[in-house]
Amino acid sequence: MSVEILPTHTPRHFHAAVERACDLLKRGEVVALPTETVYGLAANAWDERAVRRIYEVKGRPSTNPLIVHVADGQMASDCSQDWPDLATRLASRFWPGPLTLVVPKSEKIPAGVTAGGETVGVRWPFHPFMQAVIRGCGFPLAAPSANLANQLSPTSAEHVRAGLGERIPLIVDGGESNVGIESTVVDVTGEVPRILRPGMIGADEIAAVAGAVARGGEGGSVLRSPGLLEKHYSPRARLVIRSWIDEADLVRQIGELGGVGEEVWVISHTRLPLSGRISNVVMIPAEPEAFARALYAELHRGDQAGARLIVVEEVPVSGDWDGIADRLRRASSGG
Ligand code: TXA
Ligand code: MG
């Protein structure tokens with residue numbers, strides 16, 4: 001199968017791509033679409049068979065539930081048998097945007113979407129293309145990130161093509177994802193919102209709306225927080241997080257890690273090691289929004305160039321960096 005890649009950079013292209021995507025989705029197909037966080041692999045959320053295709057295409061374990069994407073409040077409440085007040089408060093502040101709310105599921109949601117669980121993750125994305133497709137379809141879209149299971153999320157159409165190009169009929173190119181890491185996932189089924197997966201909407205911002213916030217899945221229950229599974233956001237290369245005093249220190253640490261020549265990639269955000277002793281070094285911005293936007297593209301670039309070791313400079317310990325630190329920790333192979 002040769003994948004169709006449609007651009008969206010003029011109104012004419014945009015509308016043609018919406019029409020094509022809706023056409024395929026209404027027929028139960030799975031297509032890759034841009035969102036502001038990362039690209040999604042979308043299918044009709046009401047259609048059990050279409051949803052099953054998502055798991056096949058990704059090679060995703062059926063124990064890991066999907067996020068359902070909506071484009072208005074009615075669609076969101078259709079996903080839940082009992083839409084919590086807390087969800088309304090958080091949604092009115094952060095939607096459309098990079099926030100997923102875990103709520104009690106409605107009967108309309110097939111068991112395949114939630115991996116058999118009683119809750120469903122719902123998100124109203126900001127990206128105008130994704131919104132237009134959801135409205136055009138008239139049904140919500142179940143969509144995980146558009147990558148093979150255990151690989152890095154895509155932030156461009158090219159990333160999707162490289163990973164899934166042989167397996168899906170359509171990729172819509174909506175430009176580079178503006179947020180760059182996956183949404184913040186918050187369980188709002190209890191009194192206090194619980195962050196299951198940190199993201200660029202931080203704990204402080206959630207607490208400012210909800211009065212309080214809790215972190216982490218409960219008791220490590222697989223169904224409640226499968227996103228906490230290790231090996232979920234990894235490049236193929238070994239990734240380590242390090243800080244260094246100066247370039248000599250960095251070179252020494254790379255040596256200790258067994259890193260050799262061209263196979264080593266360094267991603268820094270404070271100082272660029274420029275002596276030439278390390279051939280692949282890139283500096284990305286030291287401001288969290290811009291760092292998140294750039295990170296996955298650099299990891300993909302390293303993978304594509306055949307990197308064996310990626311050294312990422314340690315990021316600050318601060319609320320603004322929580323989502324980034326979480327992804328780096330999961331992508332890292334320890335050591
Ligand atoms: O930004 C995003 O969230 C992107 C875009 C495409 O919207 N989607 C995404 O989907 O990252 P995925 O499937 O790669 O990650 C969804 C995460 C997983 O960690 C999953 O376990 C968790 O959300 N999740 C989904 N439904 C859940 C539920 N009912 N309870 C707990 N966690 C849930
Ligand atoms: Mg994913």
Side-chain angles (χ1 to χ4, degrees), residues 1-8 17 20-21 24-25 29-43 50-67 69 98 125 127 129-130 133 141-183 197 199 226-227 229-239 265 267 282 292-310 312 327-328 330-333:
M1 177 159 54
S2 139
V3 65
E4 186 179 11
I5 302 181
L6 293 178
T8 57
R20 179 82 183 119
L24 288 163
L25 288 162
E29 299 268 1
V30 171
V31 303
L33 305 176
T35 91
E36 73 277 20
T37 55
V38 300
Y39 276 65
L41 187 63
V51 168
R52 215 176 308 134
R53 277 287 297 150
I54 293 178
Y55 286 90
E56 283 166 22
V57 167
K58 273 192 71 122
R60 180 182 179 110
S62 58
T63 49
N64 196 356
L66 305 176
I67 292 171
H69 298 72
H127 198 293
F129 188 85
M130 189 68 170
V133 173
L141 297 176
S145 52
N147 52 276
L148 292 170
N150 298 331
Q151 292 191 6
L152 208 55
S153 292
T155 55
S156 73
E158 172 51 27
H159 297 156
V160 181
R161 193 203 56 74
L164 295 176
E166 307 286 302
R167 296 169 177 239
I168 52 177
L170 174 68
I171 300 168
V172 176
D173 186 347
E176 277 164 38
S177 298
N178 196 43
V179 175
I181 67 171
E182 304 82 353
S183 61
R197 180 176 70 181
L229 288 174
E230 296 306 321
K231 295 302 289 176
H232 197 89
Y233 300 85
S234 310
R236 282 190 293 274
R238 176 178 180 206
L239 185 150
W265 285 61
I267 301 177
V282 62
R293 197 175 296 136
L295 177 64
Y296 285 179
E298 291 308 333
L299 298 180
H300 278 285
R301 211 192 307 280
D303 264 354
Q304 268 153 24
R308 299 278 295 276
L309 175 67
I310 300 178
V312 181
R327 296 315 182 279
L328 287 176
R330 292 183 208 205
S332 71
S333 346

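In this text the structure is predicted, and so the values were computed from the model without any measurement. Nothing fancy with the numbering, it's 1 onward along the sequence.
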*Should K58 and N147 count as side-chain neighbours, where that means a heavy-atom distance under 4.5 Å?*
yes
_Exercise: identify the closest heavy-atom pair between A307 and W265_ = CB-CD1, 3.1 Å
*Would you call I310 and I267 a side-chain contact if the rule is heavy atoms closer than 4.5 Å?*
yes
*With sequence neighbours excluded, what pairs up with R301 under the salt bridge (charged side-chain N to carboxylate O under 4.0 Å, His left out) test?*
E298
*asked:* Checking E158 now: which residues fulfil salt bridge (charged side-chain N to carboxylate O under 4.0 Å, His left out) with it, not counting sequence neighbours?
replied: R161
*Of all the heavy-atom pairs spanning A43 and A50, show the shortest one and how long it is.*
CB-O, 3.7 Å
*So, Y39 side chain and G174 main chain: donor-acceptor pair closer than 3.5 Å or not?*
yes
_Looking at every non-hydrogen atom in both residues, tell me the closest pair between Y296 and S153 and how far apart they are._
CD1-O, 3.6 Å
*Would you indicate whether the side-chain heavy atoms of L239 and S234 approach each other to under 4.5 Å?*
no
*Indicate whether the side chain of S145 and that of E182 have a donor and an acceptor atom separated by less than 3.5 Å.*
no
*If you round to the nearest 0.5 Å, how far is CG of L33 from CG of L25?*
6.0 Å
*Which distance, rounded to the nearest 0.5 Å, do you find between the CG of D173 and the CZ of F129?*
10.0 Å
*asked:* Do L148 and L164 make a side-chain contact, defined as non-hydrogen atoms from C-beta onward lying under 4.5 Å apart?
replied: yes
*Closest non-hydrogen atom pair between S177 and T35, with its separation*: OG-O, 3.2 Å
_Using the rule given for side chain to side chain contact (heavy atoms under 4.5 Å, CB included), can you reason through V3 versus V160, listing the C-alpha separation, both sets of side-chain angles and the distance that settles it, and then say yes or no?_
CA-CA 11 Å; V3 65; V160 181; over 6 Å; no
*asked:* When you compare the side chain of T155 with that of E176, does any pair of heavy atoms fall below 4.5 Å?
replied: no
*Verify, without hydrogens or angle tests, whether S156 (side chain) and H159 (backbone) share a donor-acceptor contact under 3.5 angstrom.*
yes
*Is a donor on one side and an acceptor on the other found under 3.5 Å between the side chain of R293 and the backbone of N178?*
yes
*asked:* For a 4.5 angstrom cut-off between non-hydrogen side-chain atoms, does E36 reach M130?
replied: no
*Hey, what do you get for OG1 (T37) to CD1 (I67), rounding to the nearest 0.5 Å?*
7.5 Å
*Kindly give the heavy-atom pair with the smallest separation between A142 and I54, and that separation in Å.*
O-CD1, 3.4 Å
*When you measure from the side chain of D303 to the backbone N and O of P235, does any donor-acceptor pair fall under 3.5 Å?*
no
*Are the side chains of R197 and R327 in touch, meaning some heavy atoms are under 4.5 Å apart?*
yes
*Please report the closest heavy-atom contact between V38 and G180, naming both atoms and the distance.*
CG1-O, 4.1 Å
*Are any of the side-chain heavy atoms of R60 and L66 separated by less than 4.5 Å?*
yes
